[in-house]
Every structure is written in C-alpha cells, then in structure tokens.
Amino acid sequence: MRIGFGYDVHRFAENRELWLGGIKIPHHKGLDGHSDADVLIHAVCDALLGAAALGDIGHHFPDTDPDLIGIDSKILLTKTRDLLTASGYKIENIDSTIAAQAPKIASYIPDMRSILSELLGIGMDQVSVKATTTEKLGFEGREEGISAYAVVLLA
Ligand SMILES: [Zn+2]
C-alpha cells in the first residue's frame, strides 16, 4: 500500500470557463492556468504521482509545453493513470476536498465522482469528492481562487 497527497491552487480570472472535477460549472469567472485549470483533477494527479514517487504534474506536463495550452485536464488524468498502470500500481481509493467560497459545488459532486471513476477505471465508491467554504477567510474566502486537496491509496 502506498499513500499519496496532492494540493493545487488556481486564481480566478475573467473570461475563463470554470472546470472542476471534469465538469464545466456555470459561473461569472473561471480559473486561470496553462491548461483548463481544473484544480481538483490537478490535485488528484499530484496525489497519484506522489504515491508512486513519480514526481509531480509540473514535471510530466510542464506549463512551458505549448501543446498543453488549454488542454482538458481529463487527458492529463488519463495519462497519469497510464503511468501508474505501467508501474504496476492500482488505485484503492481517492479522497478529495475542494475549498471554494463560490460557486456552490455540492450539486455537481455526483457527476464529478462519476467522471473521475470512469476515467480511472475504478468504482464510484472508490472516489470521494467533498467541498467546503473557508468561512470567507483567506484567498478562497475572498473569491480570489480555489484550492483542492487529494489523498490516494495505491496497491
Ligand atoms: Zn493546477
């Protein structure tokens, strides 16, 4: 058994779509980044890579790579899954938390779990996604950005 932890932050920007957990969420601003800035998927990728001691998402998918501009983070997750499979690992479970003051995330969580489990080839009962506000404290609370945390267990 190997445990992994991932953390990611993206700032809000105007004229960007908001992608979280593989889902486009209606909001008046989105997260900025080289890719689609799906902060939850990035944290999950980092946790998976960390558990296997395979470096981090920036190492495998550098933000200097022009081919990755605007890339769907679901593709990065699929590539991360393939790296783990090639190293002989299988995912036992994933737990994750999104910290966002706005928008409200709860109603999107079932779809996020469904998409993540499908991409990773595991059951929905192996993928947990939670959401919290930060009680208006910090950068998430001021709606300057969103952070995400993930832990995974590999076998
Ligand atoms: Zn990121």
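Ligands are counted one by one from 1 in listed order, and the atoms in each one are counted from 1 as well.
If you look at His10 and ask which of its N, O or S atoms sits nearest the Zn ion (ligand 1), the answer is NE2. His42 contributes ND1 as its N, O or S atom closest to the Zn ion (ligand 1).
Without hydrogens or angle criteria, Ser73 side chain to Leu76 main chain gives no donor-acceptor distance under 3.5 Å.
Put simply, Asp8 gets within reach of the Zn ion (ligand 1), with an N, O or S atom under 2.8 Å from it.
Taking the six-membered ring for Trp and the full ring otherwise, Phe12 and His27 have centroids separated by under 6.0 Å.
In the hydrophobic cluster analysis, where Ile, Leu, Val, Met, Phe, Trp and Tyr join through side-chain heavy atoms closer than 4.5 angstrom, Tyr89 is grouped apart from Leu153. In this structure, Val39 is a member of the same hydrophobic cluster as Ile115, with clusters built from ILVMFWY side-chain heavy atoms closer than 4.5 Å.
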